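Only one structure is covered here, and it is reproduced in the block below.
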Protein chains: 2
Amino acid sequence: MDAATTLKKHDLKVTKIRLAILDTLGKTELAKPYAELQATLAEFDRTTLYRTLLALMEKGLIHKALEENGESYYALCSDCSIETHVHDHMHFKCTTCGVVQCIELPKRLKFSAPGIHIDSIEIVAKGQCSNCN
Amino acid sequence: MDAATTLKKHDLKVTKIRLAILDTLGKTELAKPYAELQATLAEFDRTTLYRTLLALMEKGLIHKALEENGESYYALCSDCSIETHVHDHMHFKCTTCGVVQCIELPKRLKFSAPGIHIDSIEIVAKGQCSNCN
DNA sequence: CCTTTAAATGCAACACGGTTGCATTTAAAA
DNA sequence: TTTTAAATGCAACCGTGTTGCATTTAAAGG
């Protein structure tokens, strides 16, 4: 399914920056840092980029990963839909080359603690990627 | 062990802001948002606060939790030492009242994926705390 | 207790991403 | 083609992170 169709299916108007974002993020399975996204899409205003990312996240087309320094990384959602935005994956950052990738988890993780009710879990791991070790 | 002794033991000079930070974070088992920390310690320059937090983190006396919006939360380290800064806990944020707390995990978590080597893992969960559900 | 010095602090300044308001443009429905 | 709600661009502000540098201070040594 092409990007335009995907947008329409999620009640989003087909615009240049939306196609550009989906195109950029679709070129790799890695998560892209915000700064790189902004550089690639420099022809657009950064406010527009900001709001477009919000819109695409809200519709579950993309998701954001936060690294320890607070840097944001964005990636396409392959396992999300409008109804259930669920991530059965963790975000892994290679401390050597710096790439961030989504890694599928074998099964849904369940944590529990007395008294509390857990809705969602985010996992961020660091180490060496397959190219760097 | 009092704060001054703790600082000396970690080769840190005993200064007013360091005592104040340890005192503030020690008053609760919850993690404090940066903004609250800055408000409480408004008598000190924010650069000093910034560098002091870095120093205390480097020595393993405190640690930082990042929430989804990128907000930083700080808490004392109870299970860290100079040699092994390890967290067998996750950070839990109540989406109702907003408090962030460290929750001990029953056992060390192990994840693996083909080709990659994982050094450390950070887990952030969201849901309702015991007061709010 | 006094001197010395490396470390800590305060201040200024800048970078960057997040965020909002508002006027203009545009996608797409009628 | 007209219409309109949505999307965009621009300006502006905020908070946090970060660095350089001059001043102050903790604490070691005499």
Side-chain angles (χ1 to χ4, degrees), chain A residues 2-25 31-59 61-75 98 100, chain B residues 2-25 31-59 61-75 98 100:
Chain A
D2 69 336
T5 309
T6 303
L7 287 173
K8 284 174 191 162
K9 186 168 289 186
H10 289 81
D11 292 312
L12 289 170
K13 287 186 184 175
V14 178
T15 66
K16 205 176 167 191
I17 191 174
R18 290 179 179 167
L19 291 174
I21 289 177
L22 293 181
D23 181 55
T24 301
L25 293 184
K32 273 206 190 319
Y34 171 80
E36 192 179 321
L37 214 47
Q38 193 177 313
T40 305
L41 306 169
E43 62 176 302
F44 305 100
D45 187 83
R46 74 184 191 88
T47 307
T48 303
L49 174 58
Y50 164 69
R51 281 194 267 236
T52 306
L53 290 173
L54 280 186
L56 295 180
M57 280 191 288
E58 200 174 332
K59 295 296 184 177
L61 295 182
I62 65 175
H63 66 277
K64 174 162 71 169
L66 272 180
E67 289 306 312
E68 79 175 324
N69 50 355
E71 235 190 329
S72 299
Y73 287 75
Y74 294 88
V100 173
Chain B
D2 69 337
T5 309
T6 304
L7 287 173
K8 285 175 191 161
K9 186 170 287 187
H10 290 81
D11 292 312
L12 289 170
K13 286 186 184 175
V14 178
T15 66
K16 204 175 168 192
I17 191 175
R18 289 179 181 166
L19 292 174
I21 290 178
L22 294 181
D23 180 55
T24 301
L25 293 184
K32 273 205 189 318
Y34 171 78
E36 192 178 321
L37 214 46
Q38 193 177 313
T40 305
L41 305 169
E43 61 176 303
F44 305 100
D45 188 82
R46 73 184 192 86
T47 308
T48 303
L49 174 57
Y50 165 69
R51 280 193 267 236
T52 305
L53 290 173
L54 279 187
L56 295 179
M57 279 191 288
E58 201 175 331
K59 295 296 184 177
L61 296 182
I62 66 176
H63 66 278
K64 174 163 70 168
L66 272 181
E67 288 305 313
E68 81 177 321
N69 49 355
E71 236 190 328
S72 300
Y73 287 74
Y74 294 88
V100 173

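All values reported here derive from a predicted model rather than from experimental measurement. All chains are named by letter (A, B, ...) in the order of the sequence lines, taking the proteins before the strands, and each is independently numbered beginning at 1.
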Taking distance alone, no hydrogens or angles, what donor-acceptor pairs closer than 3.5 Å link side-chain atoms of residues 35-43 of chain A to residues at least two apart or in another chain?
residue : atom : partner : partner atom : Å
A:Glu36 : OE2  : A:Lys32 : NZ           : 3.3
A:Gln38 : OE1  : A:Tyr34 : OH           : 2.7
A:Thr40 : OG1  : A:Glu36 : O            : 2.8
A:Glu43 : OE1  : A:Lys16 : NZ           : 3.2

Find the distance [X]:[atom1] to [N]:[atom2] and express it as a whole number of Å.
X: A:Asp45; N: C:dT20; atom1: CG; atom2: P; value: 15 Å
X: A:Leu54; N: C:dT19; atom1: CG; atom2: P; value: 7 Å
X: B:Leu53; N: D:dG17; atom1: CG; atom2: P; value: 8 Å
X: B:Glu67; N: D:dT16; atom1: CD; atom2: P; value: 15 Å
X: B:Glu71; N: D:dC14; atom1: CD; atom2: P; value: 18 Å
X: A:Phe44; N: D:dC10; atom1: CZ; atom2: P; value: 12 Å
X: A:Asp11; N: D:dA7; atom1: CG; atom2: P; value: 10 Å
X: A:Lys59; N: D:dA7; atom1: NZ; atom2: C1'; value: 14 Å

Taking all non-hydrogen atoms of both residues into account, name the closest pair between [X] and [Y] and its distance.
X: B:Leu66; Y: A:Glu67; value: CD1-O, 3.0 Å
X: A:Tyr73; Y: A:Gly98; value: OH-O, 4.1 Å
X: A:Ala3; Y: A:Leu19; value: CB-CD2, 3.7 Å
X: A:Tyr74; Y: A:Leu25; value: O-CD2, 3.6 Å

To the nearest 10°, let me know how far the axis at one end of the helix from C:dC1-D:dG30 to C:dA30-D:dT1 is tilted from the axis at the other, five pairs an end. 30°
Base, sugar-phosphate, or nothing: which does A:Arg46 touch, judged by heavy atoms less than 4.0 Å apart? base
Tell me which residues in residues 32-40 of chain A put a heavy atom below 4.0 Å from DNA chain D, sorted by number, or none. none
Could you pull out all residues at least two apart from A:Thr24 that satisfy side chain to side chain donor-acceptor pair (under 3.5 Å)? none
Taking the side chain of A:Ser72 as its heavy atoms from C-beta onward, which of C:dG10, C:dG18, D:dC10 lies nearest to it? C:dG18
Looking only at D:dT8, C:dA8, C:dG10, the nucleotide nearest the A:Ile17 side chain is D:dT8
State, with a plain yes or no, whether a side-chain heavy atom of [X] is found less than 4.5 Å away from one of [Y].
X: B:Thr15; Y: B:Thr52; answer: no
X: A:Leu12; Y: A:Thr6; answer: no
X: B:Val14; Y: B:Arg18; answer: no
X: A:Leu7; Y: A:Leu56; answer: yes
X: A:Lys64; Y: A:Leu53; answer: no

Is there any protein nitrogen or oxygen under 3.5 Å from a nitrogen or oxygen in nucleotides 25-30 of chain C, and what are the pairs?
residue : atom : partner : partner atom : Å
C:dA28  : OP1  : A:Val14 : N            : 2.8

Please write out each protein N/O paired with an N/O of nucleotides 21-23 of chain C under 3.5 Å, distance rounded to 0.1 Å.
residue : atom : partner : partner atom : Å
C:dG21  : O6   : A:Arg51 : NH2          : 2.7

Using OP1 and OP2 only, check whether a side-chain N or O of B:Tyr50 sits under 4.0 Å from D:dT18. yes
Contact under 4.0 Å: B:Thr52 side-chain N or O vs C:dA8 OP1/OP2: no
Begin with the C-alpha distance, continue with both residues' side-chain angles, and end with the deciding distance and a verdict on side-chain contact (heavy atoms from CB on, under 4.5 Å) for B:Ile62 and B:Leu22. CA-CA 8 Å; B:Ile62 66 176; B:Leu22 294 181; 4.3 Å; yes
